[in-house]
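Nothing fancy with the numbering, it's 1 onward along the sequence.
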Amino acid sequence: MQLDPTMKQAVIRRTVRRFAQHRLAPAAVEMDTTGLFSVETAEQMGGLQYFGLEAPDEYGGAGLDPISYAIVIEEVSRANAAMGLCIAVHNGVAVYPLINFGNEEQIGRFLRPMATGESIGTFCLTEPNAGSDPSSLETSADRSGNGYLLNGNKVFVTNGGISKINLIFAAMSGSGTKRTFSVFLVESSRDGLRKGPQEELMGMRGNPVCPISLHDCWVPEENLLGGEGRGLKVALETLNGGRIGIAAQSLGIAQACLDVSLKYAGERRQFGRTISSFGAIQNMLADVATRVEAARLLTYRAAGLKGSPGGSAAYSAMAKLNASETAVEASRVAVQIHGGYGYTKAYPVERYYRDAKVCEIYEGTSEVQRMVIARSLLGR
Ligand SMILES: Cc1cc2nc3c(=O)[nH]c(=O)nc-3n(C[C@H](O)[C@H](O)[C@H](O)COP(=O)(O)OP(=O)(O)OC[C@H]3O[C@@H](n4cnc5c(N)ncnc54)[C@H](O)[C@@H]3O)c2cc1C
């Protein structure tokens, strides 16, 4: 098992960190304040292959290994969590299933524009009545000529406002009591696909999360991904990988909280001393640092197992569960260490607090991660 980064992984971390601190951190404040996605920043990230992290070189991707992939998401999220979310979803649950379940023709048609960031992707599983239980989704796919007619409503679509390609999960009409599901690559330009207004989010406010509805939206059979009836398999296998991206994102937020907490504790003086000289503050810093390091090891362990037969589902669930709860705790402690100023916009910690929370919710809540882990332990 690899515990230390390779030379290449260390270089990747340094390079991404430099770019993230200079370009992404300033954009984070503006994106959070205005709630607007920064197209200019995304274009810069596209030029650095951040939209094709694991995609092969011949399609314009960076061809990274899964640990390097996690390192990039971590460093981007450390500076700008909304942009970290954008690339974690695009790479982890849009590009990844295309590479894994797409046929040669689909990869030839869709991969290059996605890997270069020209075409940003979404993963549309959640619906008003189907959240933790995706098998209750109501969007329908009816055979129509040499394609399918899609009808239904998707909610909470990350990257929805800027996407050009959308993975739409739907129940096959006529599949009787034993329902089957399929997933379709649906271009945003298709007739019948409509995007709703951007959600007013608590955190990750710069990501254009919105609903997407489908009204007799026809897609050709060439856009069916992974074969008819294989939608749930695609969804679950994709989420196993995607959760590693959310773990890495959480880790980046947690590390950012530790960085600013250390700095502030070393500068702020009370009772004639810096607050870092107080045992209570030292304990908080020590606990957070320990949790961050443990989350990092578990995230890289899950990344190292990505795609391996068996075991990886439980590890990615453990990594996501642990790192997201670490991020929430690290942000709570960061606000506490900053005292009253932590509760204002003078410091970034109130944003970290808001950004961290959703990591415990999307791509499966913490309760769902515990179910996945328990099922694996119990051999079910
Ligand atoms: C900012 C944001 C971005 C998102 N992006 C996407 C996206 O890109 N694509 C997408 O498809 N979805 C996305 N989601 C949706 C997200 O994945 C769901 O919100 C999440 O899976 C939970 O579903 P729900 O909100 O319907 O909650 P529910 O499933 O209704 O759960 C409500 C509560 O009940 C608990 N619960 C449910 N079932 C059980 C059980 N069996 N045992 C114990 N507890 C249970 C849950 O843990 C939770 O605490 C996003 C959500 C947000 C907020």
Who are the salt bridge (charged side-chain N to carboxylate O under 4.0 Å, His left out) partners of Glu367, not counting sequence neighbours?
none
Given side chains that start at C-beta, do those of Tyr362 and Phe156 come closer than 4.5 Å, heavy atoms only?
no
Do Leu377 and Leu236 share a hydrophobic cluster, counting only Ile, Leu, Val, Met, Phe, Trp and Tyr and linking them when any side-chain heavy atoms are less than 4.5 Å apart?
no
Nearest heavy-atom approach of Asn207 to Ala82 is ND2-O, 3.6 Å
Residue set satisfying side-chain contact (heavy atoms from CB on, under 4.5 Å) with Val328, at least two apart, ordered chain then number -> Ala356, Glu360
Given the rule that I, L, V, M, F, W and Y join up when any side-chain heavy atoms are under 4.5 Å apart, are Val368 and Ile373 in one cluster?
no
Main-chain N/O of Cys359 paired with Lys320 side-chain donor or acceptor, under 3.5 Å:
yes
With a 4.5 Å limit on heavy-atom distance, are the side chains of Ile275 and Tyr264 in contact?
yes
Go through the steps to decide whether Ser331 and Lys357 satisfy the test side-chain hydrogen bond (donor to acceptor under 3.5 Å, both in side chains), and finish with yes or no.
CA-CA 9 Å; Ser331 64; Lys357 180 59 202 170; over 6 Å; no
Taking C-beta and beyond as the side chain, do Val219 and Ile168 meet within less than 4.5 Å on heavy atoms?
no
Counting heavy atoms not belonging to Tyr353, are there more than 12 under 6.0 Å from its OH?
no
Arg190 and Cys217: which non-hydrogen atoms are nearest, and at how many Å?
CB-SG, 4.0 Å
Are Leu239 and Ile99 grouped together when hydrophobic residues (ILVMFWY) are joined by side-chain heavy atoms under 4.5 angstrom apart?
yes
With sequence neighbours excluded, tell me which residues meet side-chain contact (heavy atoms from CB on, under 4.5 Å) with Arg370.
Leu321, Glu325, Ser366
According to ring-ring contact (aromatic ring centres under 6.0 Å, His included), who are the partners of Phe51, at least two apart in sequence or on a separate chain?
His90
Shortest non-hydrogen contact between Asn151 and Asp216, atoms and distance:
OD1-N, 2.6 Å
Within 6.0 angstrom of Glu104 CD, more than 12 heavy atoms from elsewhere
no
Could you tell me whether the side chain of Val29 reaches within less than 4.5 Å of the side chain of Arg351, counting heavy atoms only?
yes
Using modelled atom types and a 3.5 Å cut-off, is there a donor and acceptor pairing between side-chain atoms of Lys154 and backbone atoms of Cys124?
yes
Considering residues at least two apart in sequence or located in another chain, which fulfil the side-chain hydrogen bond (donor to acceptor under 3.5 Å, both in side chains) criterion with Asn223?
Arg109, Glu187
Donor-acceptor under 3.5 Å (Gln49 side chain, Gly63 main chain)
no
According to side chain to side chain donor-acceptor pair (under 3.5 Å), does anything in residues 55-67 pair up with another residue at least two apart or in another chain? List the pairs.
Gln9-Asp65, Asp65-Ser68
With side chains defined as the heavy atoms from C-beta onward, is the minimum distance between Val95 and Glu54 less than 4.5 Å?
no
Residues two or more places apart in sequence or in another chain: which of them pass side-chain hydrogen bond (donor to acceptor under 3.5 Å, both in side chains) with Thr139?
Glu127
In terms of side-chain geometry, is the basic nitrogen of Arg112 or Glu118 positioned less than 4.0 Å from the acidic oxygen of its partner?
no
Shortest non-hydrogen contact from Ala171 toward Leu137
N-CD1, 3.5 Å
Could you state whether Val39 and Met83 fall into the same hydrophobic cluster, counting links through intermediate Ile, Leu, Val, Met, Phe, Trp or Tyr residues with side-chain heavy atoms under 4.5 angstrom apart?
yes
Any side-chain heavy atom of Phe181 within less than 4.5 Å of one from Met172?
no
What are the two closest heavy atoms between Ser163 and Ser188, and how far apart are they?
O-OG, 2.8 Å
Under the 3.5 angstrom rule, does the side chain of Asp355 hit a backbone N or O of Met204 as a donor-acceptor pair?
yes
With sequence neighbours excluded, residues passing side-chain contact (heavy atoms from CB on, under 4.5 Å) with Asp133
Ser135, Ser136
Using a 4.5 Å cut-off between side-chain heavy atoms of Ile, Leu, Val, Met, Phe, Trp and Tyr, which other residues end up in the same hydrophobic cluster as Ile244?
none
Quick one: does any side-chain atom of Arg296 pair with a main-chain N or O of Leu251 as donor and acceptor, under 3.5 Å?
no
Any chance CZ of Arg194 has more than 12 other-residue heavy atoms, nucleotides or ligands included, within less than 6.0 Å?
no
State, yes or no, whether a side-chain contact exists between Glu237 and Phe101 at a heavy-atom distance under 4.5 Å.
yes
Within-4.5 Å side-chain heavy-atom neighbours: Ile337 and Leu285:
yes
Scanning both residues in full, the closest heavy-atom pair of Val292 with Ala254 reads CG2-CB, 3.9 Å
Spacing of Gln282 atom CD and Ser276 atom OG [to the nearest 0.5 Å]:
7.0 Å
Residue pairs passing the salt bridge (charged side-chain N to carboxylate O under 4.0 Å, His left out) test with at least one member in residues 32-49, sequence neighbours excluded, are Asp32-Arg354
Distance col, row Leu258:CG vs Gln255:CD, nearest 0.5 angstrom, shows 5.5 Å
Same apolar cluster (I L V M F W Y, side chains within < 4.5 Å links), Tyr96/Val183:
no
With a 3.5 Å cut-off and no angle check, do the side chains of Thr122 and Asn166 form a donor-acceptor pair?
yes
Once you round to the nearest 0.5 Å, how far does CD1 of Ile120 lie from CD1 of Ile165?
12.5 Å
Would you mind listing every side chain to side chain donor-acceptor pair (under 3.5 Å) that reaches into residues 17-28, with sequence neighbours excluded?
Arg17-Glu75
Can you say whether the rings of Phe271 and Phe278 are parallel (under 30°), tilted (30 to 60°) or perpendicular (over 60°)?
perpendicular
I'd like to know if the side chain of Glu138 and the backbone of Asn153 have a donor-acceptor N/O pair within less than 3.5 Å.
no
Would the number of heavy atoms belonging to other residues, nucleotides or ligands and lying under 6.0 Å from OH of Tyr341 be above 12?
no
Please, which pairs that meet salt bridge (charged side-chain N to carboxylate O under 4.0 Å, His left out) have at least one residue in residues 196-214, sequence neighbours excluded?
Glu200-Arg205
